[in-house]
Q: 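Below you'll find the structure I mean.
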Amino acid sequence: MSRQPVSMDELVEHWTVLDDEQDLVTGKRGATKLGFALLLKYYTRHGRFPRGRADFPDEVVGFVARQVKVPAADFGFYEWSGRTIEYHRKQIRDHLGFRVCGVADADKLTDWLAANVAHAERSTDRVREELLKHCFAERIEPPHR
């Protein structure tokens, strides 16, 4: 299945690294800088972290790469596991005011889903979409699949 190209309007609206975000990016270099910037913008757009490189259209990588002055090809060297990405995730959560979903949060989310969504909605995709919206509103990083 091919993806629709990302429009310039969408790139500018959702993938522009803002001034306060530039401060977070400063001090990082190469693939680390580009990877961090892409994680940050993805999280601000979707309220969760990406699963990997495949979540980023080439147009998005190129657009963000030009802003942070790192070759787009360097994104292939970004490490998707380990201490660096865990630290990046923590920095992003802290900056955006999110927290990791703990056991108490998961229990509350389960109760909320049962009371507000699951009784009326049978589509798992719609239930997941409502859960993600609620997590975003509550500033909770959604549980991973």
Side-chain angles (χ1 to χ4, degrees), residues 1-114 116-118 123-145:
M1 183 170 105
S2 66
R3 249 185 239 216
Q4 290 285 346
V6 181
S7 71
M8 182 53 74
D9 288 345
E10 185 179 350
L11 288 172
V12 170
E13 181 178 352
H14 298 291
W15 299 98
T16 297
V17 180
L18 306 174
D19 289 343
D20 66 320
E21 297 167 338
Q22 285 284 3
D23 293 343
L24 290 173
V25 173
T26 300
K28 294 170 176 57
R29 296 185 318 244
T32 301
K33 185 176 196 175
L34 179 55
F36 180 87
L38 285 162
L39 286 179
L40 174 61
K41 296 312 298 183
Y42 191 95
Y43 201 101
T44 60
R45 173 110 200 265
H46 299 286
R48 65 176 179 82
F49 289 108
R51 289 177 190 83
R53 168 65 175 94
D55 286 344
F56 295 95
D58 291 340
E59 303 97 323
V60 167
V61 174
F63 185 77
V64 173
R66 287 187 294 279
Q67 293 176 72
V68 298
K69 298 175 177 47
V70 173
D74 283 8
F75 190 43
F77 298 107
Y78 186 70
E79 296 289 331
W80 288 94
S81 62
R83 288 186 298 172
T84 300
I85 194 170
E86 292 305 319
Y87 180 63
H88 287 174
R89 289 176 177 168
K90 181 184 180 332
Q91 283 184 296
I92 290 167
R93 276 189 223 102
D94 290 349
H95 175 73
L96 298 173
F98 277 76
R99 67 183 183 278
V100 174
C101 183
V103 173
D105 290 319
D107 290 343
K108 287 179 187 174
L109 290 170
T110 301
D111 292 343
W112 178 85
L113 275 174
N116 297 288
V117 180
S123 164
T124 55
D125 288 340
R126 288 282 304 136
V127 171
R128 179 163 174 71
E129 185 179 311
E130 291 302 317
L131 173 63
L132 291 175
K133 281 193 237 176
H134 187 69
C135 285
F136 191 83
E138 295 294 318
R139 311 306 269 182
I140 299 168
E141 183 177 332
H144 300 285
R145 276 196 213 192

Q: Between P71 and A65, which heavy-atom pair has the shortest distance, and what is it?
A: C-CB, 4.3 Å
Q: Can you name the ring pair (Phe, Tyr, Trp, His ring centres under 6.0 Å) partners of F136, sequence neighbours left out?
A: F98
Q: Quick one: closest heavy-atom pair of W112 and E130, and the distance?
A: CH2-O, 3.7 Å
Q: Can you list the residues that meet the ring pair (Phe, Tyr, Trp, His ring centres under 6.0 Å) rule with F63, with sequence neighbours excluded?
A: none
Q: Could you tell me whether a side-chain N or O of R66 sits under 3.5 Å from a main-chain N or O of G62, the two making a donor and an acceptor?
A: yes
Q: Suppose we screen for side chain to side chain contact (heavy atoms under 4.5 Å, CB included). Which residues come up paired with S7, at least two apart in sequence or across chains?
A: D9, E10
Q: Any idea which heavy atoms bring C101 and E141 closest together, and the distance?
A: CB-O, 3.2 Å
Q: Determine whether more than 12 heavy atoms belonging to other residues, nucleotides or ligands lie under 6.0 Å from atom CD of E79.
A: no
Q: Roughly how far, to the nearest 0.5 Å, is the CZ atom of R53 from the CG atom of D55?
A: 10.0 Å
Q: Return the set of residues passing side chain to side chain contact (heavy atoms under 4.5 Å, CB included) with S123 (not counting sequence neighbours), or none when no residue passes.
A: E121, D125, R126
Q: Kindly determine whether E86 and R89 satisfy salt bridge (Lys or Arg N to Asp or Glu O under 4.0 Å), including the steps that lead there.
A: CA-CA 5 Å; E86 292 305 319; R89 289 176 177 168; 3.2 Å; yes
Q: First locate atom CD of Q67, then atom CG of L18, and finally report the distance between them rounded to the nearest 0.5 Å.
A: 8.5 Å
Q: What distance do H88 atom NE2 and Y78 atom OH have between them, rounded to the nearest 0.5 Å?
A: 4.5 Å
Q: Quick check for you: to the nearest 0.5 Å, what is the distance between I92 atom CD1 and F49 atom CZ?
A: 4.5 Å
Q: Is the shortest side-chain heavy-atom distance between R45 and W15 below 4.5 Å?
A: yes
Q: Which distance, rounded to the nearest 0.5 Å, do you find between the CZ of R99 and the CZ of R93?
A: 12.0 Å
Q: Using ring pair (Phe, Tyr, Trp, His ring centres under 6.0 Å) as the criterion, list what pairs up with H46, not counting sequence neighbours.
A: Y42
Q: Should we count NZ of K28 as having more than 12 external heavy atoms under 6.0 Å?
A: yes
Q: Between L131 and P142, is there a side-chain heavy-atom distance shorter than 4.5 Å?
A: no
Q: Less than 3.5 Å apart, which donor and acceptor atoms pair up between the side chains of residues 30-41 and the rest of the protein, not counting sequence neighbours?
A:
from, atom 1, to, atom 2, distance (Å)
K41, NZ, T16, O, 2.9
K41, NZ, E21, OE1, 2.9
K41, NZ, E21, OE2, 3.2

Q: How many angstroms lie between CD in E138 and CG in D105, if you round to the nearest 0.5 Å?
A: 9.0 Å
